[in-house]
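Working notes, beginning with the structure itself.
In what follows, every chain begins at residue 1, and chains take the letters A, B, ... in the order their sequences are listed.
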Amino acid sequence: MAFEKVKRSENYSEWYNNLVKNADMAEHSAVKGCMVIKPYGYAIWEKMQAQLDFMFKETGHSNAYFPLFVPKSLFEKEEKNAAGFAKECAVVTHYRLKSNPDKEGSLMVDPESKLEEELVVRPTSEAIIWNTYKNWIQSYRDLPILINQWANVVRWEMRTRLFLRTAEFLWQEGHTAHATRDEALEETKKMLDVYAEFSEKFMAIPVIRGIKTENERFAGADDTYTIEGMMQDGKALQMGTSHFLGQNFAKAFDVKFQTKEGNLEYVWASSWGVSTRLMGALIMVHSDDEGLVLPPKLAPIHVVIVPVYRSQEEMLSIAAAMKPLMAILKSSGYTVKLDDRDTYKPGYKFAEWELKGVPVRIAVGPRDLDSKTAEVVRRDTKEKSIVPMDDLYTHICTLLLDIQENLYRRAEQVRSVKTFLADTWDEFLDVVNVKEGFAMAHWDGSAETETKIKALSKASIRCIPLDQIQEEGVCVFSGKPSKGRVVFSKAY
RNA sequence: CGGGAUGUAGCGCAGCCCGGUAGCGCACUUGCAUGGGGUGCAAGGGGUCGUGAGUUCGAAUCUCGCCAUCCCGACCA
């Protein structure tokens, strides 16, 4: 293998594309706008899934599965939601092919097989789910319903990028039903916190929790909560959203329940999701010119051992010397790989495992066997150290914890260096276009101003932070009064 | 969906302007040496030049259509 190297500082998006391909995570497929997630990339996604799934279960949710297809009549019931997605829906109109009489060996859509009602390929599942919940809910005793589904969805995007935006992507969508407004709102916020905790503790990416403005909000929601992360190039990435749906879907699908007092009321709802887009965040926040850098908590392989040897006997004695370490690491829950491929040289292996982001690498050769040591290299700082064999286990355990923390600190540092207060329009443009980062600026609260700012600067309001400091100020664009700063940035 | 660019071996590219039946580097196969940061030497295998039509005695090369990818916009998780 030879890898084309692109420097992060020279062309960020080319660096990203290159990395995704070279680290063997994903590639473009024969289907326009759709990607193939390769085993190594999928292994990382599975790590994310496993942790998120655990956290959803811990907060009382169960998994279920709803159909890929949504009858158009159901889809259009919640008008705002349907209108929001209308432009990017794939639609199934026929159910059969037949051989083409005009061209041998080719197939054509059988015009006889036209569907009575078109089926929309789900861009999200609120419609089919709420149509189902209607049958499940009669009484307050049936509530709450706390369901999550792992699924694929399709949004027909014009311009795609591996993991960040593809026509089909994998995600999870939680859909909950509650008896009261407060409970639904509490659920919405709780799941936002789950996402934030996942991002910070597992992905090692600091996020800003906030509320979306009306312009940026999910079409069917009363409020959209978001976690926003900053990539190394200073752009924002929306990493997860949690929607307070009010009674919008309950009303659209006529989902009512009888209260203790015997009254009929519409139920309250939330929905929340994160997608394979998180893979993009993971790559863009931590990686460097050598390749991927993975936080230990999401790395499919924690430790790789590269033997350095001349003869097969040397190789076997190294493997034997490493056996106890591998066993004890494995029993502690770490994945260890001994790279015993005889067809590649050590230097090549070093480069390859760096490219794949394995957090810790151990190199062991004859000299180490003599001195009872090993060379340990951490991926995040590339720092090397010689460690006595007897100390390897504790050293590696400590190192993995330290790498996890260091990645978070480093990401936080990048974000803080690229976050600026902007009080005038000139300062604002400077932050957004020249310094390339987050602009904390006052905004008058109107959609018109937000739209104008976006048109002129290409920066949008990422969110109104939940921990927004109340302070008097004037809007950076209109000069009208404002009570707090919001986060502006260019975004993915 | 608009503007620009590209499509030649698994990957990266040259050849195209000036038509004459395809080449380089890496990867791959085999052998020998080598092995503590992307091994060296030697010998091999692999391509309907994105696709369809047109011009021509002859097309990777010229013309048109289509498809795909990338970059820049609009839209979006």
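Side-chain proximity of A:Arg165 to the nucleotides B:rG37, B:rA77, B:rG36 is greatest for B:rA77. The A:Phe350 side chain lies nearest to B:rG37 when the options are B:rA77, B:rU39, B:rG37. In this structure, of B:rG36, B:rA77, B:rC76, it is B:rA77 that holds the atom nearest to the side chain of A:Phe169. Across B:rC76, B:rA77, B:rG36, the shortest atom-to-atom separation from the side chain of A:Gln238 is found for B:rA77. Candidate nucleotides B:rG36, B:rG73, B:rC70 were compared by shortest atom distance to the side chain of A:Pro366, and B:rG36 ranks first. The side chain of A:Ala351 has B:rG38 as its nearest neighbour among B:rC76, B:rG38, B:rA77. Proximity note for A:Tyr348 (side chain, C-beta onward) versus B:rA77, B:rU39, B:rG36: the nearest is B:rU39. Distance from the side chain of A:Asn17 is smallest to B:rC71 among B:rC75, B:rC71, B:rG36.
Rounded to an integer number of Å, the gap from CD of A:Glu157 to C1' of B:rA74 is 12 Å. Atom CG of A:Asn18 and atom P of B:rC71 are 12 Å apart (whole Å). The nearest whole Å value for the distance from the CH2 atom in A:Trp15 to the C1' atom in B:rC71 is 18 Å. For A:Asp339 and B:rG38, the CG to P distance is 15 Å, given to the nearest whole Å. In this structure, the OH atom of A:Tyr195 is 14 Å from the P atom of B:rA77, given to the nearest Å. One atom, CG of A:Leu355, and another, C1' of B:rA27, lie 15 Å apart when rounded to the nearest Å. A:Arg341 places its CZ atom 11 Å from the P atom of B:rC28, with the value rounded to the nearest Å. Between A:Glu88 atom CD and B:rA77 atom P there is a gap of 7 Å when expressed in whole angstrom units.
Within 4.0 Å (heavy atoms only), A:Leu237 reaches no atom of the nucleic acid at all. Among the atoms of the strands shown, none is found under 4.0 Å from any heavy atom of A:Phe85. Residue contacts shown for A:Lys384 include a base, since a base heavy atom lies under 4.0 Å away. Nucleic acid contact class of A:Thr166 (heavy atoms, under 4.0 Å, all strands): base.
For the P atoms, the distance from B:rG40 to B:rU34 is 15 Å, rounded to whole Å. Here, B:rA77 and B:rU69 have their C1' atoms 22 Å apart, quoted to the whole Å. Taking atom P on both B:rU21 and B:rA74, the two are 49 Å apart, rounded to the nearest angstrom. B:rC71 and B:rC13 have their P atoms separated by 14 Å, given to the nearest Å. Separation of the C1' atoms belonging to B:rU8 and B:rG15 is 9 Å when rounded to the nearest angstrom. Here, B:rG54 and B:rC41 have their P atoms 49 Å apart, quoted to the whole Å. Atom name P, nucleotides B:rA42 and B:rG25: the rounded distance is 11 Å, in whole Å. Of the C1' atoms belonging to B:rG50 and B:rA9, the separation is 14 Å, rounded to the nearest Å.
In terms of modelled atom types and a separation under 3.5 Å, the side chain of A:Arg217 and the main chain of A:Lys212 share no donor-acceptor contact. When atom types are taken as modelled, the side chain of A:His395 and the backbone of A:Pro388 share no donor-acceptor pair closer than 3.5 angstrom. Judged by distance alone, the side chain of A:Ser199 and the main-chain N or O of A:Ala196 form no donor-acceptor pair under 3.5 Å.
In this structure, A:Lys372 NZ and A:Asp391 CG are separated by 13.5 Å, a value rounded to the nearest 0.5 Å.
The base of B:rG36 does not come close enough to the side chain of A:Glu375 for any donor and acceptor atom to sit less than 3.5 Å apart. Under 3.5 Å, the side chain of A:Arg310 and the base of B:rG36 form no donor-acceptor pair of N or O atoms.
Across all strands shown, B:rC32 forms a Watson-Crick or G-U wobble pair, both distances under 3.5 Å, with B:rG40. Within the shown strands, B:rG12 is the pairing partner of B:rC24 under the Watson-Crick or G-U definition, both distances less than 3.5 Å. Across all strands shown, B:rG46 remains unpaired; no Watson-Crick or G-U wobble contact has both distances below 3.5 Å. Pairing of B:rG58, defined by two Watson-Crick or G-U wobble distances under 3.5 Å, is not identified with any nucleotide. Nucleotide B:rG52: paired with B:rC64 (Watson-Crick or G-U wobble, both distances less than 3.5 Å). Of the nucleotides present, B:rG4 is the one that pairs with B:rC70 by Watson-Crick or G-U wobble criteria, both distances under 3.5 Å.
A salt bridge is defined here as a Lys NZ or Arg NE, NH1 or NH2 lying under 4.0 Å from an Asp or Glu carboxylate O, and A:Arg379 with A:Asp288 meets this definition. Ion pair A:Lys418/A:Asp233 not flagged as a salt bridge, since none of the NZ, NE, NH1 or NH2 atoms sits closer than 4.0 Å to an Asp/Glu carboxylate oxygen.
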Tabulate below the donor-acceptor pairs under 3.5 Å that side-chain atoms of residues 456-466 of chain A make, not counting sequence neighbours, or state none.
{"unit_1": "A:Ser457", "atom_1": "OG", "unit_2": "A:Ile453", "atom_2": "O", "d": "2.7"}
{"unit_1": "A:Ser457", "atom_1": "OG", "unit_2": "A:Ala459", "atom_2": "N", "d": "3.1"}
{"unit_1": "A:Ser460", "atom_1": "OG", "unit_2": "A:Arg462", "atom_2": "NH1", "d": "2.7"}
{"unit_1": "A:Arg462", "atom_1": "NE", "unit_2": "A:Glu228", "atom_2": "OE1", "d": "3.2"}

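Judged by the 6.0 Å and 45° rule, A:Lys452 forms no cation-pi pair with A:Phe477.
Judged by closest nucleotide on RNA chain B, A:Lys382 is the one of A:Lys382 and A:Arg155 placed further toward the 5' end.
Contact check, A:Lys87 against B:rA74: no side-chain N or O comes under 4.0 Å of OP1 or OP2.
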